[in-house]
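To find a chain, count down the sequence lines: A is the first, B the second, and so on, and within it residues start at 1. Since we're looking at a predicted model, the values are computed, not measured.
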2 protein chains.
Amino acid sequence: MSTPKPEATLAVNGSLPRHRRTYSIGELARMFEVTPRTIRFYEQEGLLAPERRGQTRIYHEKDRVRLKLTLRGKRLGFSLAEIREVIEMYDAMPDGNARQLRRLLEILADKRNNMERQLEDIRLMQRELDDVEMRAREVLERLAVTD
Amino acid sequence: MSTPKPEATLAVNGSLPRHRRTYSIGELARMFEVTPRTIRFYEQEGLLAPERRGQTRIYHEKDRVRLKLTLRGKRLGFSLAEIREVIEMYDAMPDGNARQLRRLLEILADKRNNMERQLEDIRLMQRELDDVEMRAREVLERLAVTD
DNA sequence: CAACCACTTTACGTTAACGTCAACGTCGTC
DNA sequence: GACGACGTTGACGTTAACGTAAAGTGGTTG
């Protein structure tokens, strides 16, 4: 704050460098197609910790990334508790003791296994879908012909 | 059917051809590491429809396969309702009308998209895990050295 | 200034997917 | 014939992840 600019509080905030932008809860909600309620809930569960300007929450890049990762984790079937565990350990990493770090590596390995199984599941499921789709198309063909 | 065999009702059921075996609810539960309660619940939700011998349920290969597919679907984050929808349509396929079949194809396409996104999510998540793991290992290294 | 947003907290409601418990029937066996 | 293992129905409990409604705050806009 060495150069007191004419407080451009009303700036549209559109052309700022990515990491200096801030977001309201509503903006963030629209970006990720969730409700504000969801975002507040994630905070309550310890997944987010936005800055506060008075009452209102102010989200920075860091928060946006966290939300993104959280939602990705959810799509992969992780519970919020699991996601929080990883996030907490990640935050505590720099000054984490060896035991904690090993625990973190354990968790990561676990997630990895999980995803390997998911990959296999997806492959199998895709075959099933192929199969079902083929049969469905066959039946449709017959209908078209005999009509 | 044509050759009436001496009803081996008490047979241990171990060396029978796969598709003739039957299972109790407990067996099935152990096979898939779920509780009987879960299996009954799936039936109640229309995902299974085992034969009945008196009171007790008797599961055939078909039921086992369905359960397997159901659990796989669950691991991929599908709701029981979604899974049921596909199963029902699949069952109704032979005499399904064109509209239903098209609807089925729609659903399948939808699931496919879902899985594509999941694949992408998994790739991204794996990178994150790689990253976090690397940092964790670095910190551990330092601890080992400075100790 | 009134009206209107967007945001806040508090609190109770809801849904999916089971868990748990009670009370009972049916075998095989010791 | 008591016992234990397994099965049944029915009903209520539980947890996660939000939804929803009420009531208030703070800024700007006609």
Side-chain angles (χ1 to χ4, degrees), chain A residues 7-13 22-60 63-64 66-87, chain B residues 7-13 22-60 63-64 66-87:
Chain A
E7 284 291 328
T9 319
L10 299 181
V12 185
N13 223 359
T22 72
Y23 310 87
S24 77
I25 195 171
E27 283 174 315
L28 225 51
R30 277 187 301 268
M31 292 182 65
F32 291 103
E33 303 193 293
V34 299
T35 69
R37 169 67 174 122
T38 298
I39 298 183
R40 291 195 197 98
F41 181 72
Y42 289 174
E43 176 178 350
Q44 176 182 328
E45 293 298 298
L47 294 168
L48 298 172
E51 187 196 334
R52 290 282 187 144
R53 186 112 53 208
Q55 279 271 74
T56 85
R57 290 164 238 261
I58 301 199
Y59 299 87
H60 297 148
D63 301 305
R64 197 187 60 90
R66 273 205 186 178
L67 179 53
K68 191 179 62 180
L69 294 179
T70 297
L71 293 174
R72 183 182 298 153
K74 277 217 59 192
R75 285 197 300 269
L76 293 177
F78 297 119
S79 74
L80 296 184
E82 291 176 303
I83 297 171
R84 179 187 50 203
E85 197 176 7
V86 173
I87 287 183
Chain B
E7 285 290 330
T9 318
L10 298 183
V12 184
N13 226 358
T22 73
Y23 310 86
S24 76
I25 196 171
E27 282 175 315
L28 224 53
R30 277 186 302 266
M31 292 182 66
F32 291 103
E33 303 193 292
V34 299
T35 69
R37 169 66 175 123
T38 298
I39 297 182
R40 291 197 197 96
F41 181 72
Y42 288 173
E43 177 178 348
Q44 175 182 328
E45 294 297 299
L47 294 168
L48 297 172
E51 186 195 332
R52 289 283 186 144
R53 186 111 54 208
Q55 281 272 73
T56 84
R57 295 163 169 83
I58 301 200
Y59 299 87
H60 296 153
D63 302 304
R64 197 186 60 90
R66 274 205 186 178
L67 179 53
K68 190 179 63 181
L69 293 180
T70 298
L71 294 174
R72 183 182 298 154
K74 277 217 57 190
R75 285 197 301 269
L76 293 178
F78 297 119
S79 74
L80 295 185
E82 291 175 304
I83 297 171
R84 180 187 49 203
E85 197 177 7
V86 173
I87 286 183

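To the nearest angstrom, C1' of D:dC18 lies 14 Å from CD1 of A:I83. For A:F41 and D:dT20, the CZ to P distance is 15 Å, given to the nearest whole Å. The nearest whole Å value for the distance from the CZ atom in B:R30 to the C1' atom in D:dC6 is 9 Å. For B:Y23 and D:dC6, the OH to P distance is 19 Å, given to the nearest whole Å. Following rounding to the nearest Å, A:L48 (CG) and D:dC18 (P) show an atom-to-atom distance of 12 Å. Rounded to whole Å, the distance from CD on A:E43 to C1' on C:dT10 is 15 Å. To the nearest angstrom, C1' of D:dT9 lies 8 Å from CD of B:Q55. Spacing between atom CD1 of A:I58 and atom P of C:dC7 amounts to 11 Å, rounded to whole angstrom units.
The shortest side-chain heavy-atom distance between A:M31 and A:Y23 falls under the 4.5 Å cut-off.
Note: A:L67 CG to A:D63 CG = 9.0 Å, rounded to the nearest 0.5 Å. From B:L47, atom CG reaches atom CD of B:E43 across 10.0 Å, with rounding to the nearest 0.5 Å.
In this structure, B:G26 and A:S79 both approach DNA chain D, and ranking their closest nucleotides by distance from the 5' end singles out B:G26.
An OP1 or OP2 oxygen of C:dC18 is reached within less than 4.0 angstrom by a side-chain nitrogen or oxygen of B:K74. Residue B:Y42 places none of its side-chain N or O atoms closer than 4.0 Å to OP1 or OP2 of C:dA17.
Looking at heavy-atom distances under 4.0 Å, A:R40 makes contact with a base. Within the 4.0 angstrom heavy-atom criterion, only backbone atoms of the sugar-phosphate kind lie near B:R52; the bases stay farther away.
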Yes or no on side chain to side chain contact (heavy atoms under 4.5 Å, CB included) for B:I83 and B:L69, after CA distance, side-chain angles and deciding distance? CA-CA 9 Å; B:I83 297 171; B:L69 293 180; over 6 Å; no

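Annotation for B:S24 and B:Y59: closest pair C-CD1, 4.1 Å, computed over non-hydrogen atoms. Closest approach of A:G46 to A:R84, counting heavy atoms only: O-CG, 3.9 Å.
Heavy atoms from other residues, nucleotides or ligands lying under 6.0 Å from CZ of A:R53 number 12 at most.
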Expected string for nucleotides 19-27 of chain C under the B/S/- scheme (protein heavy atoms, under 4.0 Å, primed atoms plus P, OP1, OP2 as sugar-phosphate) is BB-------

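Distance from the side chain of A:S24 is smallest to C:dC7 among D:dA17, D:dT8, C:dC7.
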